[in-house]
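Quantities reported herein were computed from a predicted structural model and do not represent experimental measurements.
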Amino acid sequence: MAKRLAFLPEVPGEIQEASDWYAERNPEVADQFLAALERVLGLIEEHPRQGAYHDDSRLYRCRRLTRFPFVVVYREDVDRTLIVAVYHASRHPDHWKKRGQ
């Protein structure tokens, strides 16, 4: 059974920032970015354990978007799957760990 997705407060802003960046250059590509993100979020929701471990703690997993250099980091909890970050792959992979979760 799929667990509901929940998002840390920073995540919608990260998504919006990336979408805006693409929209400024090509609105069609921004739509493709959001569609790719929706596909990955759907996979995470349905199959949270299929993502690769993001770090040695084995607490966080991640999935990369297809065609876009973005990573979704998440944690599976008892009653939900928590999305903790959506970041550009060129950023330091642990920049989000400062967030209170």
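What you find for Pro69 and Arg64 is that their closest heavy atoms are CA-NH2, 3.9 Å. Shortest non-hydrogen contact noted between Ala30 and Ser19 is CB-O, 3.6 Å. The two residues Asn26 and Glu28 have their closest heavy-atom pair at OD1-N, 2.9 Å. Between Leu37 and Val72 the shortest heavy-atom distance is CD1-CG2, 3.8 Å. When all heavy atoms are compared, the tightest approach of Asp79 to Arg4 is O-CG, 4.0 Å.
Panel note: side chain Tyr74, backbone Gly51; a donor-acceptor pair is recorded below 3.5 Å.
Here CD1 of Ile15 is found 7.0 Å from CZ of Phe33. Values are rounded to the nearest 0.5 Å. Note: Leu41 CG to Leu65 CG = 8.0 Å, rounded to the nearest 0.5 Å. Between atom CG of residue Leu5 and atom CD1 of residue Ile44 there is a gap of 7.0 Å, rounded to the nearest 0.5 Å. Rounded to the nearest 0.5 Å, atoms CZ (Arg63) and NE2 (His54) are 14.0 Å apart. Annotation: the span from Arg25 atom CZ to Asp20 atom CG amounts to 10.5 Å, rounded to 0.5 Å. To the nearest 0.5 angstrom, Glu45 atom CD is 9.5 Å from Glu38 atom CD.
Taking 4.5 Å as the limit, every side-chain heavy atom of Glu14 sits out of range of all side-chain heavy atoms of His88.
Taking hydrophobic clusters as Ile, Leu, Val, Met, Phe, Trp and Tyr residues chained together by side-chain heavy-atom distances below 4.5 Å, Ile83 shares a cluster with Leu59. In this structure, Trp21 is a member of the same hydrophobic cluster as Val71, with clusters built from ILVMFWY side-chain heavy atoms closer than 4.5 Å.
Scanning for side-chain contact (heavy atoms from CB on, under 4.5 Å) contacts around Arg39 gives Ala35, Ala36, with sequence neighbours left out. The salt bridge (charged side-chain N to carboxylate O under 4.0 Å, His left out) test applied to Glu76 returns Lys3, Arg49, not counting sequence neighbours.
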Open item on the list: Could you walk me through whether Val29 and Phe68 satisfy the side chain to side chain contact (heavy atoms under 4.5 Å, CB included) test, starting with their C-alpha distance in whole Å, then the side-chain angles of each, then the deciding distance to 0.1 Å, before giving a yes or no?
Closed with: CA-CA 10 Å; Val29 175; Phe68 294 92; 3.8 Å; yes
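For Arg58, the CZ atom counts as loosely surrounded, since its 6.0 Å shell holds 12 or fewer non-hydrogen atoms of other residues, nucleotides or ligands.
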